[in-house]
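The structure appears below as structure tokens.
For the numbers below, each heavy atom of this structure counts, side chains included, while hydrogens, waters and symmetry mates do not. By convention in this document, chain letters (A, B, ...) are assigned in the order of the sequence lines, proteins followed by strands, and residues within each chain are numbered from 1.
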Amino acid sequence: MKKFLIQLAAISRFVGDTIRYVFKGPFEFRELTRQCYLIGYRSFFLIGFTSFIAGIVFTRQSRPSLASFGAESWLPSLVSQAVVRSLGPLITALICAGKLGSNIGAELGSMRVSEQIDAMEVSGTRPFSYLVVTRVIAATMMLPILVMYADTIALLGSYMMVNMINKSSFQLFVNEVAVSVTYLDIFSSLVKSAIFGFAIGIVGCYAGYNTSGGTTGVGRAANTAVVVSMVFIFVIDLVSLQFINLFRTT
Amino acid sequence: MNAIVEHSQTKKRVAADNGRESVVTIRDLEKSFGDRDILKKVNLDLFKGENLVIIGKSGTGKSVLIKCMVGLIKPDAGHINILGYDVPYLNEAELNELRLQVGFSFQGSALYDSMTVRENLEFPLKRNMKLFDRNKLNDLIIEALEDVGLAHAVDQFPSELSGGMKKRIGIARTLILKPKIMLYDEPTAGLDPITSREINELINSVREKYHTSSIIITHDLTCAKQTGDRLVALFNGQIQVEGSFKEMSQVDDPEIKAFFNY
């Protein structure tokens, strides 16, 4: 219990330091841009590919159930709400937790065990701003963009499936989607994605920055980053669902 | 330093400065990790312009000692005064101010492997000196690299360099800030005898050109002999003996004797 509380205090301090350095600086714009490129642009293919498949599979599996009630025309509406509200953010966040979480954890972990972070400290620079703050901000900024992209690609996959079966027009599909998805759906999805991004960034950086124990420690840091951020993603998803539902019912 | 000065917890430490100016003063330094005492009331002075070598077996706390000096590890008790700064009690800004005057060469070089040699050297300059002028940066980088004989490696990545080259670049990265004190952690570890000799010569030439005072942590006796004006032996968390290389090699203490006659 004591160990858990100490760990909790250390994580809270780490989060506090990250937020403090966001406002205090020094501001590492060049590194931030590089991280946005690595986290965002370099994830486009993987996110696009998986979202496209998810859109096809979800549409294909939902169609028989709706067809049995004669409600096949509701398919675009069902898919778009599921994708924008939950499927898009969740799939994107889980893929990013695996890809970015392990990347950040292993990179910072190996920098820690090879004394590169110590070298930054003893040269009078602030490695926290350069290494942690940039990655956390980049992950927080890029996740909503990736989610919007994932939603679009998943809906394209869904349309392809609908079109193959029903020969439905693209315009009709888009109209159905536009009617079904509300501004609250989009806004809440983007806010939730930013929180996912923050969680992935913080967990990856915390695990990597505090690595000890040589190469075994680096492996452990990467593993911790992935597992813990995935757990956080589901918890955040659950909490945000409850919170957003307050606005939906009123 | 004519006589060997012995230390222990029971024997009072004898001043050995001959009136020289001390740039590092360590008194009663203690550090433990869990129930393992690493440093036990360590006392040490580094005098201006000298190369002080700390020898000792692996795990005796040599690296912990110099990491305490730059604030990477917080000691449990004792005083560390470097260039007038009382290290354990400095705030972040003061610690960074001190760190600009103390160069630290890491055992594994600790080059930033995602950056080229040029970017490695630019890193502290841009952040500490706020120096962004391309020509000035280039002049300083080339000067530091020429001092270590590696100007041609400026655009290479650390993964493309040999162990000896990495050590040299690591030293160049600290020299670029013109430090007053240099701390070398196992500068010749893992290097062949010829490269080790080159590094030893480099350590001596750095002192000549930059007028630095240095602490060299090593268990390489050739390095100790070639670079050290004065040697201290750190065994079991305490400074046991100090003297010149010749004096140390004649000490009767069985542990030190074993170290010199391996």
Quiz item: What residue, out of B/Leu98, B/Asn96, B/Leu177, B/Leu100, has the most heavy-atom pairs lying under 4.5 Å from chain A?
Solution: B/Asn96
Quiz item: Quick one: CG on B/Leu72 to CG on A/Asp118, what's the gap to the nearest 0.5 Å?
Solution: 4.5 Å
Quiz item: Are a donor atom and an acceptor atom from the side chains of B/Thr227 and B/Asn51 found within less than 3.5 Å of each other?
Solution: no
Quiz prompt | Pairwise distance OG1(A/Thr18) to CZ(A/Arg13) - rounded to 0.5 angstrom | solution = 12.0 Å
Quiz item: Side chains of A/Cys36 and A/Thr134: closer than 4.5 Å at any heavy-atom pair?
Solution: no
Quiz prompt | NE2 on B/His152 to CD on B/Glu146, rounded to 0.5 Å | solution = 11.5 Å
Quiz prompt | Distance in Å, A/Phe44 CZ paired with A/Ile153 CD1, rounded so as to fall on 0.5 Å steps | solution = 9.5 Å
Quiz item: Who among B/Lys67, B/Lys126, B/Gln107, B/Glu92 has the most heavy-atom pairs with chain A under 4.5 Å?
Solution: B/Glu92
Quiz item: Under 4.5 Å, heavy atom to heavy atom, which residues of residues 121-131 of chain A contact chain B?
Solution: A/Glu121, A/Val122, A/Ser123, A/Gly124, A/Thr125, A/Arg126, A/Tyr130
Exercise. Evaluate side chain to side chain donor-acceptor pair (under 3.5 Å) for B/Arg27 paired with B/Asn81, printing each intermediate quantity in order.
Key: CA-CA 9 Å; B/Arg27 293 288 176 269; B/Asn81 191 294; over 6 Å; no
Quiz item: Does a side-chain N-to-carboxylate-O contact under 4.0 Å join B/Asp37 and B/Lys31?
Solution: no
Quiz item: Would you call B/Asp139-B/Lys136 a salt bridge at under 4.0 Å N-O?
Solution: no
Self-check item: Heavy-atom proximity to chain A below 4.5 Å, by part of B/Met69
Solution: neither
Quiz item: Going by residue number, which parts of residues 217-243 of chain A are within reach of chain B, meaning a heavy-atom gap below 4.5 Å?
Solution: none
Quiz item: Between NZ of B/Lys166 and OG of B/Ser159, what distance do you get to the nearest 0.5 Å?
Solution: 7.5 Å
Self-check item: Euclidean distance, B/Ile80 CD1 relative to B/Leu29 CG, rounded to 0.5 Å
Solution: 4.5 Å
Quiz item: Can you tell which of B/Val70, B/Leu111, B/Thr174 has the highest number of heavy-atom pairs within less than 4.5 Å of chain A?
Solution: B/Leu111
Quiz item: With a 4.5 angstrom heavy-atom cut-off, which part of B/Leu183 approaches chain A: side chain, backbone, both or neither?
Solution: neither
Exercise. Please determine if B/Lys167 and B/Glu186 form a salt bridge, counting it only when a charged side-chain N lies under 4.0 Å from a carboxylate O.
Key: no
